[in-house]
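Structure, as structure tokens:
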Amino acid sequence: MLKKGSKLYSILTGTCPKCQNESMYLDKNPLHFNKILKMHENCGHCGLRYQIEPSFFYGAMYVSYGLNVAIGIAAFIISFVFFDTNLKVAFIVIIASLILSFPYVLRLSRNIYINMFVSYDPNAKLK
């Protein structure tokens, strides 16, 4: 399912979208909060500059917003419809799910955003 060369592979693993050979992040664990957004300047394999232009990843906020809305709606449906809770409990479940998914959504939104602009190149090599 996750084959090298697909955008989904790069998005879910956090690898370079161009060569998919190395992680974009200094620390692969998103639960290390002090290093959650620390990225390499360039890919060590193909030389892709991750910060394509100044403030490039500000656009990832829009992706993050969409992901958080989807998580909130899913949490509401699961708690309110399937578990038949009241609105107060459903609201608490939404807030808790957003807080718990925060580090993953933050990285995932960056991964999705850069993959919107950079495509896989199997011949990408350090020049």
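The analysis underlying the following values was restricted to heavy atoms, covering all of them including side chains, and did not include hydrogens, waters or symmetry mates.
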Connected hydrophobic set around Y120, excluding itself, where side chains approach under 4.5 Å: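 Members besides Y120: none; it forms no cluster.
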Please go through L31's hydrophobic cluster and name the other residues, only I, L, V, M, F, W, Y counting, with side-chain heavy atoms under 4.5 Å joining them.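 Besides L31, the cluster holds Y104.
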Show every donor-acceptor pair shorter than 3.5 Å between a side-chain atom in residues 85-95 and any protein atom, with sequence neighbours excluded, or say none if there are none.
from, atom 1, to, atom 2, distance (Å)
T85, OG1, S79, O, 3.0
N86, OD1, K88, N, 3.3
N86, OD1, V89, N, 2.9

Sequence neighbours left out, what passes ring pair (Phe, Tyr, Trp, His ring centres under 6.0 Å) with F102? Give chain and number order.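 Partners of F102 by the ring pair (Phe, Tyr, Trp, His ring centres under 6.0 Å) criterion come out as none, since no residue qualifies.
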Quick one: side-chain hydrogen bond (donor to acceptor under 3.5 Å, both in side chains) partners of T13, sequence neighbours excluded?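 Only T15 meet the side-chain hydrogen bond (donor to acceptor under 3.5 Å, both in side chains) criterion with T13.
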For N111, side chain to side chain contact (heavy atoms under 4.5 Å, CB included) partners two or more places apart: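 N111: side chain to side chain contact (heavy atoms under 4.5 Å, CB included) contacts with I11, M24, Y25.
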Would you say the side-chain atoms of R107 pair up with the backbone N or O of K28, donor to acceptor, closer than 3.5 Å?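 Yes, because the side chain of R107 sits within donor-acceptor range (under 3.5 Å) of the backbone of K28.
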Counting only N and O atoms by type, is there a donor-acceptor contact under 3.5 Å from the side chain of K7 to the main-chain atoms of V118?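 Flag set: sc K7 to bb V118 pair under 3.5 Å.
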Nearest non-hydrogen partners of Q20 and G5, listed with the distance: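 Where Q20 meets G5 most closely, the heavy atoms are OE1-N, 2.6 Å.
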Side-chain polar contacts of residues 61-74 - donor-acceptor pairs under 3.5 angstrom, sequence neighbours left out - could you list them?
from, atom 1, to, atom 2, distance (Å)
S64, OG, N68, ND2, 3.4
N68, ND2, S64, O, 3.1

Distance-only criterion, 3.5 Å: show the donor-acceptor pairs between side-chain atoms of residues 34-43 and protein atoms not counting sequence neighbours.
none

For side chain to side chain contact (heavy atoms under 4.5 Å, CB included), just list the numbers for Y50 and C16, CA-CA rounded to whole Å, side-chain angles, deciding distance to a tenth of an Å, and then say yes or no. CA-CA 8 Å; Y50 296 128; C16 171; 3.4 Å; yes
Kindly work out whether a path of hydrophobic side-chain contacts (I/L/V/M/F/W/Y, heavy atoms less than 4.5 Å apart) joins L100 to V105.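 No, it is not one cluster - the side chains of L100 and V105 are not joined through contacts under 4.5 Å.
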Do L48 and C19 have side chains that get closer than 4.5 Å, going by heavy atoms?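 No, too far: nothing below the 4.5 Å cut-off.
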From CD1 (I114) to OG (S109), nearest 0.5 Å: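 Output value for this atom pair is 12.0 Å.
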Given K3 and Y9, is the side chain to side chain contact (heavy atoms under 4.5 Å, CB included) satisfied, shown in steps? CA-CA 6 Å; K3 293 182 181 176; Y9 177 83; over 6 Å; no
May I ask you to check whether Y113 and F56 place their ring centres under 6.0 Å from each other?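 Yes - the distance between ring centres of F56 and Y113 falls below the 6.0 Å cut-off.
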